[in-house]
Engineer: 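One structure follows; several queries about it will come next.
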Amino acid sequence: MKAVQYDQYGGVDVLQVEDVPSPTPGPGQVLVRVEAAGLNPGEAHTREGHMQAVYSVTFPTGQGHDLAGTVVSVAEGVTEVAAGDEVIGWVDPLSSQAQYVVAEADHLIPKPAGVTWEVAGALASAGFTAWAAVRAVEPAAGDTVVVAGAAGGVGSIAVQLAVRAGATVIGLASEHNHDWLTAHGVIPVTYGPGVADRIRAAAAYGRVDAFIDTQGADYVEIALDDLGVAPGRFNTIVRFDAVQTHGIKFEGYEKGVGSGAAVLAELADLIAAGDLEIPVAATYPLAEVRKAFEQLEGGHVRGKIVLVP
C-alpha cells in the first residue's frame with residue numbers, strides 16, 4: 001500500500017509516499033481503507049521537530065491523525081464495528097495519511113450518510129480542539145466572545161459552536177473571509193494593527209467576556225490588558241508560554257479535554273443535520289502531499305485541507 005512517511009525532521013521536502021506493507025489489526029483494533037485524511041498544523045510542527053518535548057517520533061514515521069474510511073477487517077473480539085462499515089475516527093501514532101490504517105475500535109464512530117468523505121476525514125482533530133476551546137471559555141447568552149483565526153480549521157468550527165451556545169461572536173479574519181463569517185452569524189473584524197479598537201467598536205458597549213486564540217501573536221496581551229478579559233475566560237491553543245505567566249487556559253486536542261468518540265459523534269450529527277459546516281479549502285491525492293502541506297503552511301486557508309488516498 002501507499003503511505004506518507006518521512007525519516008528525518010525537516011520541511012515538506014522530507015515527505016515521501018512510500019510502498020509499505022499493509023498493517024494488521026491487533027486486539028481491539030480495526031483495519032480501515034482510508035477515503036479521506038485531514039491535514040493539521042500540528043503534523044507540520046511535529047515533522048519540523050518542534051514537538052519533540054511532548055511527542056516522540058521513531059523514524060521512519062507515518063503522518064496524520066484524522067481519517068474517514070471503510071472498515072476492511074476487525075480483530076477477534078471487536079464488536080463495535082464490522083467489515084463494510086463507513087466510519088470517522090482518529091489514530092495515534094500518526095499514520096492516517098495512507099491507503100490503509102489500523103485504528104482502535106473505540107476511536108471510530110459511524111459516518112452519518114449526510115456527511116461527505118472529505119468533511120468526515122477532516123473532522124477529528126480540529127473538531128476536538130474547537131469543542132474543548134469553546135467549553136473552556138463557557139460562552140452563554142449575553143456574552144461576547146472573540147475568536148482569533150476565525151476562518152481557520154479550528155476557528156471556523158469554534159465560532160459556530162460559540163454561536164450555538166447563544167453568545168455574540170466576533171471573528172478575527174482577513175476580509176475575504178468576512179462574508180463566510182457573516183453568513184454563520186459571526187461579526188467579522190479584520191486582524192492587524194488597531195484590532196483592539198475594532199473589537200471594542202464591534203462589541204456591544206465595548207465589552208468582551210471571553211477570547212479564544214487559535215493564532216498566537218500578541219492576542220493574550222490584547223485580550224487581558226486592552227479588552228479586560230479575565231484570564232480564566234481566555235483559552236489558547238498556541239501560546240504555551242503564557243499559560244503559567246498569565247493564568248490563562250490551554251485546552252484542546254493535545255490535552256484530551258474534547259477528544260473522544262462521544263464528542264466526535266456529537267459533531268458529526270450536527271454536520272449531518274446541517275447545523276455545523278466544516279469548510280474544505282482543497283483536496284489533494286496522496287501523491288501531492290507536499291503541495292497540500294505547502295498550502296496549509298502558507299496560511300490564510302479557510303477551513304481544512306484533505307488528502308484523498
Side-chain angles (χ1 to χ4, degrees), residues 1-52 54-78 80-109 111 117-118 120-125 253 259 282-297 304-309:
M1 72 167 193
K2 301 288 187 182
V4 175
Q5 293 204 323
Y6 58 98
D7 58 10
Q8 61 180 312
Y9 291 121
V12 296
D13 57 302
V14 304
L15 294 173
Q16 304 289 339
V17 178
E18 304 281 7
D19 287 308
V20 300
S22 294
T24 301
Q29 295 182 328
V30 175
L31 179 65
V32 179
R33 183 178 70 246
V34 179
E35 304 290 349
L39 275 58
N40 295 289
E43 292 151 12
H45 299 327
T46 298
R47 187 195 71 234
E48 292 165 349
H50 302 319
M51 305 293 287
Q52 295 181 57
V54 294
Y55 192 91
S56 60
V57 171
T58 301
F59 295 121
T61 182
Q63 189 169 247
H65 279 290
D66 306 339
L67 69 102
T70 304
V71 175
V72 176
S73 63
V74 304
E76 184 176 356
V78 171
E80 298 95 328
V81 294
D85 287 354
E86 296 182 347
V87 294
I88 306 172
W90 74 99
V91 291
D92 194 10
L94 304 177
S95 55
S96 69
Q97 292 166 16
Q99 291 177 316
Y100 294 88
V101 68
V102 163
E104 301 296 324
D106 60 3
H107 289 186
L108 302 172
I109 65 163
K111 183 183 80 69
W117 284 120
E118 291 80 9
L123 181 57
S125 294
Y253 180 80
S259 59
T283 60
Y284 290 86
L286 202 64
E288 295 183 8
V289 62
R290 292 183 180 181
K291 290 182 179 180
F293 271 95
E294 285 173 353
Q295 181 176 356
L296 177 70
E297 294 170 43
K304 299 288 294 181
I305 296 174
V306 182
L307 293 177
V308 182

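None of these values were measured; they are calculated from a predicted model. Sequence positions, counted from 1, serve as the residue numbers for this chain.
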Engineer: Rounded to the nearest 0.5 Å, what separates atom OG1 in Thr61 from atom CG in Leu94?
Structural biologist: 5.5 Å
Engineer: Who pairs with Arg33 by salt bridge (charged side-chain N to carboxylate O under 4.0 Å, His left out), at least two apart in sequence or on another chain?
Structural biologist: Glu35
Engineer: Within the 4.5 Å heavy-atom criterion, are Pro23 and Leu31 side-chain neighbours or not?
Structural biologist: yes
Engineer: Calculate, to the nearest 0.5 Å, the distance between atoms OH and CZ belonging to Tyr284 and Arg290 respectively.
Structural biologist: 14.5 Å
Engineer: Applying side chain to side chain contact (heavy atoms under 4.5 Å, CB included), run through Lys304 and Leu39 and close with a yes or a no.
Structural biologist: CA-CA 7 Å; Lys304 299 288 294 181; Leu39 275 58; 5.9 Å; no
Engineer: Taking Ser96 for the side chain and Asp66 for the main chain, is one N or O donor matched with an acceptor at less than 3.5 Å?
Structural biologist: yes
Engineer: Between Ile305 and Ala292, what is the shortest heavy-atom contact and its length?
Structural biologist: CD1-O, 3.8 Å
Engineer: How many angstroms lie between atom CG of Leu123 and atom CD of Glu118, to the nearest 0.5 angstrom?
Structural biologist: 13.5 Å
Engineer: Go through the steps for Gln63 and Gln97 under the test side chain to side chain donor-acceptor pair (under 3.5 Å), then give the verdict.
Structural biologist: CA-CA 6 Å; Gln63 189 169 247; Gln97 292 166 16; 2.9 Å; yes
Engineer: With rounding to the nearest 0.5 angstrom, report the CG to OG1 distance, Asp7 to Thr58.
Structural biologist: 13.0 Å
Engineer: Can you see which heavy atom on Pro309 is nearest to which on Ala98, and at what distance?
Structural biologist: CG-O, 3.3 Å
Engineer: Who pairs with Asp13 by salt bridge (charged side-chain N to carboxylate O under 4.0 Å, His left out), at least two apart in sequence or on another chain?
Structural biologist: none
Engineer: What is the minimum heavy-atom distance between Val17 and Ala287, and which atoms define it?
Structural biologist: CG2-CA, 4.0 Å
Engineer: Let me see the working for Asp19 and Lys2 under side chain to side chain contact (heavy atoms under 4.5 Å, CB included), right down to the final yes or no.
Structural biologist: CA-CA 5 Å; Asp19 287 308; Lys2 301 288 187 182; 3.0 Å; yes
Engineer: Say whether, by atom type as modelled, one donor and one acceptor occur between the side chain of Glu288 and the main chain of Pro285 under 3.5 angstrom.
Structural biologist: no
Engineer: Ignoring hydrogens, what is the shortest heavy-atom contact between Trp117 and Gly69? Give both atom names and the distance.
Structural biologist: CZ3-N, 3.3 Å
Engineer: Quick one: does Asp85's side chain have a donor or acceptor within less than 3.5 Å of a partner on Val71's backbone?
Structural biologist: no
Engineer: Taking side chain as C-beta onward, heavy atoms only, is Arg47 less than 4.5 Å from Val12?
Structural biologist: yes
Engineer: Mind checking the CD-CD spacing from Glu104 to Glu80? Nearest 0.5 Å is all I need.
Structural biologist: 10.0 Å
Engineer: What I'd like to find out is whether the side chain of Leu286 reaches to under 4.5 Å of the side chain of Val4, using heavy atoms alone.
Structural biologist: yes
Engineer: May I have the step-by-step check of side chain to side chain contact (heavy atoms under 4.5 Å, CB included) for Lys111 and Val87, ending in yes or no?
Structural biologist: CA-CA 5 Å; Lys111 183 183 80 69; Val87 294; 5.8 Å; no
Engineer: Closest approach of Val34 and Ala37, non-hydrogen atoms and distance?
Structural biologist: CG1-CB, 4.2 Å
Engineer: To the closest 0.5 Å, what do you measure between CE (Met1) and CD (Gln99)?
Structural biologist: 7.5 Å
Engineer: Go through Met51 and Glu43 one step at a time and tell me if the side chain to side chain contact (heavy atoms under 4.5 Å, CB included) criterion holds.
Structural biologist: CA-CA 9 Å; Met51 305 293 287; Glu43 292 151 12; over 6 Å; no
Engineer: Can you give me the closest heavy-atom contact between Leu108 and Ala103, atom names plus distance?
Structural biologist: CD2-CB, 4.0 Å
Engineer: Walk me through whether His107 and Trp90 qualify under ring pair (Phe, Tyr, Trp, His ring centres under 6.0 Å).
Structural biologist: CA-CA 6 Å; His107 289 186; Trp90 74 99; 4.3 Å; yes
